[in-house]
Colleague: 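This is the structure, below, for whatever I ask next.
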Amino acid sequence: MRVVIAGAGSVGRSIARELLGNGHQILLIDKDADDVQASRVPEASWLLADACEITALEEAHLETSDVVVAATGDDKANLVISLLAKTEFGVPRTVARVNNPKNEWMFDESWGVDVAVSTPRLMTALIEEAVSIGDLVRIFEFQQGRAAMVEITLPDVSPFAGRRVGDVDWPIDTVLVAIIREQRPLAPTPDDAMEAGDELLFITTTEQEEHLQAIVAPGDRPKSLGVL
C-alpha cells in the first residue's frame, strides 16, 4: 500500500516508521527543511514542498496513493490537504489529525476527511479507560458517527461475570471484538467465559451504547470521550 503523509514532524515520522515496519511504501511531505531529513526515516521517500499546493501534490503523484495522512500541526492545513486529496486526486482514504478539539466538527466528508484522529480526545478516553471500571468509554468513532469502538471493564457485580460469550444476546448492531485479560488480547469465541476485570471491546452504534451499558454494567453511564 502506498501512503503519503503530509507533515514530517514527530507525529508524521512516527506514523511512517510504524507503516514501514508493516511493509508499506511511504512518502513524507513537509515544507520545513529542518523536518525533511531523510536520515530520520531513511526507508521512506521525502519531498520538500507545501502539501497545501496542488503542484506539490502532483509532484507527489497523489493519484497513485492508497491513503493520504494529513498529520501537520495546523488544522487548516490538514483540512485543505484532505479536501484536495479527495476532490482533485480521488484518493480512496484520507486520515486527518485534529490538533484542537474545538475544530473536530469540521473534520468530516464535506472536507474530504474519512477518519479524523484527535490526539487530545484519544488521550482523555484512554485515561478514563485506565481508571474506570464499569463505565462505557468511547475509544474511537468511525466516519459520520455511525459506529464506534467502545470499552467496558467488567465489574465484579456485573451479571455477565462468569458467563459464556455465546450465552449472551448482545444488543442489535453490537459485536464483541476482543477481550483484554491480564494485558493480553483474546479473540472471543462462544465458549469463552468472561471474568470480572476483563476489558471488553465492542463495535456498536451510538444508539446502542446506553443499552449495552445497561446490560453489562447496570447503574453506570456511558462516557462520550472518543475520537471523531
Colleague: Please check this pair: side chain of D114 against backbone of V95, looking for a donor-acceptor N/O pair closer than 3.5 Å.
Modeller: no
Colleague: Is I81 reachable from V91 through a run of I, L, V, M, F, W or Y residues, each pair having side-chain heavy atoms under 4.5 Å apart?
Modeller: yes
Colleague: Is any side-chain heavy atom of R2 closer than 4.5 Å to a side-chain heavy atom of L27?
Modeller: yes
Colleague: Before giving the answer on side chain to side chain contact (heavy atoms under 4.5 Å, CB included), spell out for F107 and V117 the whole-Å C-alpha distance, their side-chain angles and the decisive distance to 0.1 Å.
Modeller: CA-CA 9 Å; F107 283 73; V117 180; over 6 Å; no
Colleague: Which heavy atom of A51 sits nearest to which heavy atom of I29, and what is that distance?
Modeller: CB-CG2, 4.0 Å
Colleague: Find out whether I179 and L200 are in side-chain contact, i.e. whether some heavy atom of one side chain is under 4.5 Å from a heavy atom of the other.
Modeller: yes
Colleague: Around atom CD of E18, are there more than 12 heavy atoms from other residues, nucleotides or ligands closer than 6.0 Å?
Modeller: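 Check fails, neighbour count at 12 or below.
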Colleague: Under 4.5 Å between side-chain heavy atoms, hopping through other hydrophobics if needed: is there a path connecting V3 to V115?
Modeller: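 Yes, it is one cluster - the side chains of V3 and V115 are joined through contacts under 4.5 Å.
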Colleague: Could you state whether I54 and L62 fall into the same hydrophobic cluster, counting links through intermediate Ile, Leu, Val, Met, Phe, Trp or Tyr residues with side-chain heavy atoms under 4.5 angstrom apart?
Modeller: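 In one cluster with I54: L62, yes.
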Colleague: Taking atom CD of Q208 and atom OG1 of T206, what is their separation to the nearest 0.5 Å?
Modeller: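 One gets 9.0 Å once the value is rounded to the nearest 0.5 Å.
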Colleague: Apply side chain to side chain contact (heavy atoms under 4.5 Å, CB included) to F89 and H61, showing your working.
Modeller: CA-CA 9 Å; F89 297 92; H61 299 291; over 6 Å; no
Colleague: May I ask you to test the V165-L176 pair for a side-chain heavy-atom distance under 4.5 Å?
Modeller: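 The answer is yes, as the side chains (C-beta and beyond) meet within the 4.5 Å cut-off.
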Colleague: If you define the side chain from C-beta out and look only at heavy atoms, does anything of W170 sit under 4.5 Å from V216?
Modeller: yes
Colleague: Taking D75 for its side chain and N100 for its backbone only, find out whether a donor-acceptor pair lies under 3.5 Å.
Modeller: yes
Colleague: Does the side chain of V168 reach to within under 4.5 Å of the side chain of M194, using non-hydrogen atoms?
Modeller: yes
Colleague: Which heavy atom of A193 sits nearest a heavy atom of G162, and at what distance?
Modeller: CB-O, 4.3 Å
Colleague: Would I172 and L212 show up in the same hydrophobic cluster when neighbours are defined by side-chain heavy atoms closer than 4.5 Å?
Modeller: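 No: no chain of side-chain contacts under 4.5 Å links I172 to L212.
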Colleague: For a 4.5 angstrom cut-off between non-hydrogen side-chain atoms, does T189 reach D192?
Modeller: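 Yes, at least one pair of side-chain atoms sits under 4.5 Å.
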Colleague: Are any side-chain N or O atoms of S158 and backbone N or O atoms of P155, one a donor and one an acceptor, separated by less than 3.5 Å?
Modeller: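 Checking the backbone N and O of P155 against the side chain of S158, no donor-acceptor pair under 3.5 Å is found.
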Colleague: Distance from E151 atom CD to I180 atom CD1, nearest 0.5 Å?
Modeller: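 Interatomic distance, E151 CD to I180 CD1, rounded to 0.5 Å: 7.0 Å.
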Colleague: Examine distances only and state if a side-chain atom of R13 and a backbone atom of A8 form a donor-acceptor pair shorter than 3.5 Å.
Modeller: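 Checking the backbone N and O of A8 against the side chain of R13, a donor-acceptor pair under 3.5 Å is found.
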Colleague: Over all heavy atoms of both residues, which pair between D191 and R164 is shortest? Give the atoms and the distance, please.
Modeller: OD1-NH2, 2.6 Å
Colleague: Which heavy atom of I215 sits nearest a heavy atom of F160, and at what distance?
Modeller: O-CZ, 3.8 Å
Colleague: Distance from L47 atom CG to I5 atom CD1, nearest 0.5 Å?
Modeller: 13.0 Å
Colleague: Out of curiosity, W111 CH2 to T87 OG1, how far, rounded to the nearest 0.5 Å?
Modeller: 10.0 Å
Colleague: Tell me if a side-chain donor or acceptor on K86 pairs with a main-chain N or O of P92 at a distance below 3.5 Å.
Modeller: yes
Colleague: To the nearest 0.5 Å, how far apart are CD in E182 and CD in E195?
Modeller: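 So the gap between those two atoms works out to 7.5 Å.
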Colleague: Can you tell me how far CD1 of I26 sits from CE of M1, rounded to the nearest 0.5 angstrom?
Modeller: 7.0 Å
Colleague: Looking at side-chain heavy atoms only, is the closest gap between R97 and V11 below 4.5 Å?
Modeller: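 Touching, per the 4.5 Å side-chain cut-off.
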Colleague: Has the side chain of N22 got a donor or acceptor atom that lies under 3.5 Å from a matching backbone atom of L19?
Modeller: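 Side chain of N22 to backbone of L19, a donor-acceptor pair under 3.5 Å: no, none is there.
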Colleague: Using modelled atom types and a 3.5 Å cut-off, is there a donor and acceptor pairing between side-chain atoms of T72 and backbone atoms of A77?
Modeller: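 No, because the side chain of T72 does not come within donor-acceptor range (under 3.5 Å) of the backbone of A77.
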Colleague: For M106 and L79, which heavy atoms make the closest approach, and how far apart are they?
Modeller: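 It is O-CD2, 3.8 Å.
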Colleague: Could you tell me if the side chain of N99 sits less than 4.5 Å from the side chain of N78, heavy atoms only?
Modeller: yes
Colleague: Can you see which heavy atom on R181 is nearest to which on D198, and at what distance?
Modeller: NH2-OD2, 2.7 Å
Colleague: Taking a hydrophobic cluster as the set of Ile, Leu, Val, Met, Phe, Trp and Tyr residues connected by side-chain heavy atoms closer than 4.5 Å, whether directly or through intermediates, do V68 and L28 fall within one such cluster?
Modeller: no
Colleague: Within the distance-only criterion (no hydrogens, no angle test), does the side chain of W46 pair as donor or acceptor with the backbone N or O of V41 below 3.5 angstrom?
Modeller: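 Yes: the side chain of W46 pairs with the backbone of V41.
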